[in-house]
Protein chains: 4
Amino acid sequence: MTHNSFGHLFRTTTFGESHGPAIGCVVDGTPPGITLNPTDIQKYLDQRKPGQSRHTTQRKESDSVEILSGVLDGVTTGTPIGLLIRNEDQRSRDYDDIQDQFRPGHADVTYMMKYGLRDHRGGGRSSARETAMRVASGAIARRVLDHLVDGGVTIRGALVQMGTHVIDRDAWDWGAITTNPFWCPDVRMAATWEMYLDEIRKQGSSVGAVIEVHASNVPEGLGAPVYGKLDADLAAAMMSINAVKGVEIGAGMGAAALRGEENADQMRMQGDKIGFLSNHAGGILGGISNGQDVVARFAVKPTSSILTTVQSVDAKGTDVDVSTKGRHDPCVGIRAVPVGEAMMACVLADHVMRHRAQCG
Amino acid sequence: MTHNSFGHLFRTTTFGESHGPAIGCVVDGTPPGITLNPTDIQKYLDQRKPGQSRHTTQRKESDSVEILSGVLDGVTTGTPIGLLIRNEDQRSRDYDDIQDQFRPGHADVTYMMKYGLRDHRGGGRSSARETAMRVASGAIARRVLDHLVDGGVTIRGALVQMGTHVIDRDAWDWGAITTNPFWCPDVRMAATWEMYLDEIRKQGSSVGAVIEVHASNVPEGLGAPVYGKLDADLAAAMMSINAVKGVEIGAGMGAAALRGEENADQMRMQGDKIGFLSNHAGGILGGISNGQDVVARFAVKPTSSILTTVQSVDAKGTDVDVSTKGRHDPCVGIRAVPVGEAMMACVLADHVMRHRAQCG
Amino acid sequence: MTHNSFGHLFRTTTFGESHGPAIGCVVDGTPPGITLNPTDIQKYLDQRKPGQSRHTTQRKESDSVEILSGVLDGVTTGTPIGLLIRNEDQRSRDYDDIQDQFRPGHADVTYMMKYGLRDHRGGGRSSARETAMRVASGAIARRVLDHLVDGGVTIRGALVQMGTHVIDRDAWDWGAITTNPFWCPDVRMAATWEMYLDEIRKQGSSVGAVIEVHASNVPEGLGAPVYGKLDADLAAAMMSINAVKGVEIGAGMGAAALRGEENADQMRMQGDKIGFLSNHAGGILGGISNGQDVVARFAVKPTSSILTTVQSVDAKGTDVDVSTKGRHDPCVGIRAVPVGEAMMACVLADHVMRHRAQCG
Amino acid sequence: MTHNSFGHLFRTTTFGESHGPAIGCVVDGTPPGITLNPTDIQKYLDQRKPGQSRHTTQRKESDSVEILSGVLDGVTTGTPIGLLIRNEDQRSRDYDDIQDQFRPGHADVTYMMKYGLRDHRGGGRSSARETAMRVASGAIARRVLDHLVDGGVTIRGALVQMGTHVIDRDAWDWGAITTNPFWCPDVRMAATWEMYLDEIRKQGSSVGAVIEVHASNVPEGLGAPVYGKLDADLAAAMMSINAVKGVEIGAGMGAAALRGEENADQMRMQGDKIGFLSNHAGGILGGISNGQDVVARFAVKPTSSILTTVQSVDAKGTDVDVSTKGRHDPCVGIRAVPVGEAMMACVLADHVMRHRAQCG
């Protein structure tokens, strides 16, 4: 992962600012002969796009994707796939007031430190708007996995914590995630979150979240030790998502509190296959997949754009008090779920291809 | 990070197995004109090397490093630095019994899945022995940081949790970490850990840990958004260390439970510099350093090599019960502290160079 | 250079097919704060675009470039620059007849071998149409060089051989290259070529060419030995241009016939600077620039699209005779001149940035 | 290719100076399960090593290679292969006289320009001694090709021009190359060269050469357009060899003088395979292999170390006259033959793996 590209053999390069004319990406390395239509991508973009419930930003973007290359008659040709989404509902004026102010928690101050100038409109390049292209690339990655992996790889994400409210894992129901606006697998918790988030929004505040992504039917043997480990790549992929501050695989930070005999996933033959009796490893041992579900988790900090007034400084070096109006998500973690799924898909597609190269 | 290399401009490639003739690395991209002597590297290797207290493995390795290239008369020439450490105390016989067995929690089974064969002696390439080369490279990275950053960058690591015992942050004293065998910054907790770990070791068990690494005087503006973010690179670097299952920056997973006004680090001018009133961001906003301390944390799972008998299978597909004798660390997290410091140093050196290239 | 990207720190990724909806690229790594307007790019695109004289293809493309990101108020922001050119004058029907035929000399057969399918319309991805994006990226690279190198770097290309007609080097006049449609620095030869190429075109044939590119005021010390040599990167860059079969630096293939004392560029102090008495090295010694003009030369084979009937086979494995109608350049080498200049600019910009990182 | 590494999936990183303690490399990405013994590597090193005839330098190096990792019981494990060769016959004193002088044609002056200091002993890192590790890596690449390509890939190199003497292509006999000390495929020319080179050596002069490398039974479809073209990678690989100033594929620079109908390799079905009636393309169309022999050619300049006195300057900025004593090859091109073969092998192995990843 360098600059604005990620992946080695399945490689995505994105560009575009929140309030520029367009965002886009180039997906390079896709195998040829895979059916791919705009709807295959659009359906995932629609999951991420803003303005779908009162719990997300009211910015209206159709996020309508155009495939510019790499696909002929609905089939990939093996050449790079260029994708484009025109921005539609930029209200750059909203940002005029804070043009010279650094919003705490945002990258305003660090972009200025790094580049000496910045695109202040909607966060510019640091906006979560960029994640639309991750989702688009992830949609292609899923098609690659369908094509290369017998039986396909199923990738599903869920919100498992919102603010201080954590789901009950015993109540986990994948079927529930489409029945509430939060990707919540615990129906009772979904109801709690609804009231909670309404309250947060009315207060002009925001709250963090934890997202968990599962990949099932992952081939054994993915991962290139020791620096191209599958989990190292997942960690980078998840941490590169806007506002993420922590990444866990399997037992995650909780592994520290375990003893060796608790943590080690014991094995027994199940027919002619190796069966694991638990999955603290999150499907990855020594950086290589073991055939169990790959389980990654990441924490998203609360949205930094809040109505509450906070102390800050401006570009001239003057103390100021900042309150962010604009249109924002009270919990950006919600819309991070499809992004996390997409990153999982991209990393797995890349590693399936890398594995074929060396050991296929 | 691909295969066995990491970093872009300050780039390290390692090789070697636990019980092979030697381990080594190539450190490429070092600026010329930096004084570098074997002792600059050896002193950090000595911090990591086994057999220094009863709390770590009793394998005896002098870990004596030889500089093979890239340095002339004690000064770097800008050409690649080759480093070599001969293995000395391999007791490969210890592993004869488990040659065909897959030790739960270890990469035995996944290396076999991936490669169809494996070096069973001491874990082969998946052994933590490889981390000696990370520490060696990190020592060079520190010299690079001294050279390129006015005032140098101070990098310090500490063990903040061992098993279920967490330090008291109010008792944090950097001076304490060299006064106990655990890198513990809380003297009272160090005493607790001593008894606790003796108990664990006598039981033939093991325990996990959390390591925290701080980098001070980090230049502003490091990080290449959006996929070359400083925190994304740190996440990959830390997750690539053996046995790590979670990585956090600043508030980490705990950020999920915060509200926007709690999490955002407010700012006020302090003289002519921007002062932050807190550091939930861990020194990184939008993937770019803000001049505050960069704070990374990672969880190490308990050592998988334990005397306790656990259920497993062997290469022939037979159920077996495994107990690992050998010589092992009851808490590998201890020796992971200098490794975490080294990874921090390498990532920062790389990013300082990348920043110079684009914005210098 | 992998897949569809080239450069390390100044990195370009292109996409698009000859007859798809658009071609485009992402230029990543540009330093911030550089003035850049569409006209800075368009002027170089206009030099390359087809249909400017009877000596090039009559396809009409305005090649009008749109900057989609990375530039705010005419200044680069340091974020990736997305560029887009819509295709306008595709006459895909021209290719219906040869949909299943492999045109000798073209990549038709190898794309089919590699991918199992191909975009037959105008050569698809293998079309020289892709080079428009190289020229666009090269235009940005020139701005980077202006910004980073004191006095700027002057990059100029010329056609030095067309078919069997070689220019007289003693008649070299850089001023002449804009006065004829061939980039010919020898006015008398330009007149010869005019008649010669008319004849070739009328015969439905084509002819090869040699392009020479000079870069002046190149900083000393560019190049990263031993595999990131400046000349190795130039060789890859030039060889990656469509139809190129040979690349030379300085004395080139002719160096083989020289003796040591003839070839070595002797030195004498000229004031306080080192002066070279000749430039057989083409400005590069040991892969590193020495401050002299960097001189690269490359041979372009004759256009493979010719009216003359040639023997071939089709996708069904039947012998066929092929004659290519369409609209083609009788000497593609002419339009390769600005492409060669662009590649030189991109490689130099990349190396200036790499040098700053390590030795700046 | 960056800094001191080349290749993407089959990747080699080298280190070491001419007069340092050792040279070495790490070969990463090798498939597991390939038999590999030190003799598989040593036999190619022996072809390159100095002091084998009066026509090459009299430096005595056994070039005895040690495999440090990545191989267990004579079989590759898939982990990185570390290789080491200790330097033995450094006569660094030979270079004391010229410590501060820049030898024309050598990289002395450019290393000083780049790094501000240099290892003057035997050229340091810029010495052709580094090519031993290319040959070692190439030997592994050949084993990879044997393993991955049905029937293996045959790679053979020859010297086709020495100074002004060019071989007669009609007299080409691959059997002859081992019967003379020049890798000359034309027995009569070999006799001429013998006298010619004796004369050159006695005069204290040197002469250039052209090497041609053929790869047979290359799989169809290798090459990743448009910047990862097989020929672009070969161009970089060959140009990165010490003293190379020109690289050609197939018809090479001569393609410029051809007309379309002469250059295009016509096709006819030969049984159920496509047969080409000529090979001006050198086996590569649009950057992708077509199943014909891949033919690359490169020119090596005359050795810059000559007894003849030439004008130069020293590090203090004083004009000096330089005559290089030491032990040198009168025609370094001879020893470049196995190096060219090795680079071909490495590039092909890399591309076979890349092709498997995307299209396998």
Side-chain angles (χ1 to χ4, degrees), chain A residues 1-3 6 104-105 107 110 113-114 126 161 164 205-210 220-221 224 227-229 231-232 235-236 239-240 245-249 251-253 255-261 263-264 266-269 274 285-286 288 290 299 301-304 306 308 310-313 317 319, chain B residues 1-3 6 104-105 107 110 113-114 126 161 164 205-210 220-221 224 227-229 231-232 235-236 239-240 245-249 251-253 255-261 263-264 266-269 274 285-286 288 290 299 301-304 306 308 310-313 317 319:
Chain A
M1 308 218 315
T2 64
H3 292 307
F6 70 100
T110 50
M113 285 168 169
K114 182 171 192 70
S126 72
Q161 179 180 345
T164 50
S205 184
S206 65
V207 74
V210 174
E220 298 173 347
Y227 298 108
K229 282 175 173 162
D231 39 1
M239 193 65 93
S240 77
K245 300 306 286 184
V247 180
E248 300 184 318
I249 303 294
M253 298 303 293
L258 299 178
R259 293 175 57 143
E261 56 277 21
N263 177 70
Q266 302 190 41
M267 291 170 263
R268 275 293 178 245
M269 293 306 297
I274 296 171
L285 286 168
I288 303 174
N290 65 12
K301 70 182 185 185
T303 319
S304 298
I306 47 175
T308 317
V310 283
Q311 301 181 69
S312 189
V313 301
D319 287 347
Chain B
M1 309 220 312
T2 65
H3 292 307
F6 70 101
T110 50
M113 286 169 169
K114 183 172 191 72
S126 72
Q161 179 180 345
T164 49
S205 185
S206 64
V207 74
V210 175
E220 298 173 348
Y227 298 108
K229 283 175 174 162
D231 39 1
M239 192 67 91
S240 78
K245 301 305 287 184
V247 181
E248 301 184 316
I249 303 294
M253 298 303 293
L258 298 178
R259 292 175 58 144
E261 56 276 19
N263 177 71
Q266 302 189 43
M267 292 170 263
R268 276 293 178 245
M269 293 307 297
I274 296 171
L285 286 167
I288 304 173
N290 65 11
K301 69 182 185 185
T303 319
S304 299
I306 47 176
T308 316
V310 284
Q311 303 181 69
S312 188
V313 301
D319 287 349

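None of the values given here were measured: they were computed from a predicted structure. Letters A, B, ... mirror the listed sequences (proteins, then strands); counts begin at 1.
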(request) Examine the side chains of A/Gln266 and B/Ser312 and answer whether a donor and an acceptor come within less than 3.5 Å of each other. (result) no
Backbone N/O of [Y] and side chain of [X]: donor-acceptor pair under 3.5 Å:
X        : Y        : result
B/Lys245 : A/Gly252 : no
A/Lys229 : B/Ser240 : yes
B/Thr110 : A/Asn290 : no
A/Asp319 : B/Met269 : yes

Quick check on the interface: out of [options], who has the most heavy-atom pairs with chain B under 4.5 Å?
options                      : answer
A/Ala264, A/Gly208, A/Ala251 : A/Gly208
A/Ser205, A/Gly286, A/Ser126 : A/Ser205
A/Gly221, A/Gly260, A/Ala256 : A/Ala256
A/Asn263, A/Val210, A/Thr164 : A/Asn263

(request) Answer whether the closest heavy-atom distance between the side chains of A/Pro302 and B/Arg259 falls below 4.5 Å. (result) no
(message) Using the side chain to side chain contact (heavy atoms under 4.5 Å, CB included) criterion, which residues pair with A/Ser304? Sequence neighbours excluded.
(response) A/His106, A/Lys301
(request) Check whether A/Thr308 gets within reach of chain B through its side chain, its backbone, both or neither, counting any heavy atom under 4.5 Å. (result) side chain
(message) Only pairs of heavy atoms separated by less than 4.5 Å count here; which of B/Leu258, B/Ile306, B/Val207, B/Ile274 has the most with chain A?
(response) B/Leu258
(request) Examine whether an atom of B/Glu261 lies under 4.5 Å from a heavy atom of chain A, and if so say whether it belongs to the side chain, the backbone or both; otherwise answer neither. (result) both
(request) First locate atom CE of A/Met267, then atom CD of B/Gln311, and finally report the distance between them rounded to the nearest 0.5 Å. (result) 10.5 Å
(message) Using the rule given for side-chain contact (heavy atoms from CB on, under 4.5 Å), can you reason through A/Met113 versus B/Ile288, listing the C-alpha separation, both sets of side-chain angles and the distance that settles it, and then say yes or no?
(response) CA-CA 9 Å; A/Met113 285 168 169; B/Ile288 304 173; 5.7 Å; no
(request) Under the salt bridge (charged side-chain N to carboxylate O under 4.0 Å, His left out) rule, collect the residues that match up with A/Glu220, sequence neighbours excluded. (result) none
(message) Using every non-hydrogen atom in the two residues, find where B/Ala235 and A/Ala236 come nearest and quote the distance to one decimal.
(response) CB-N, 4.4 Å
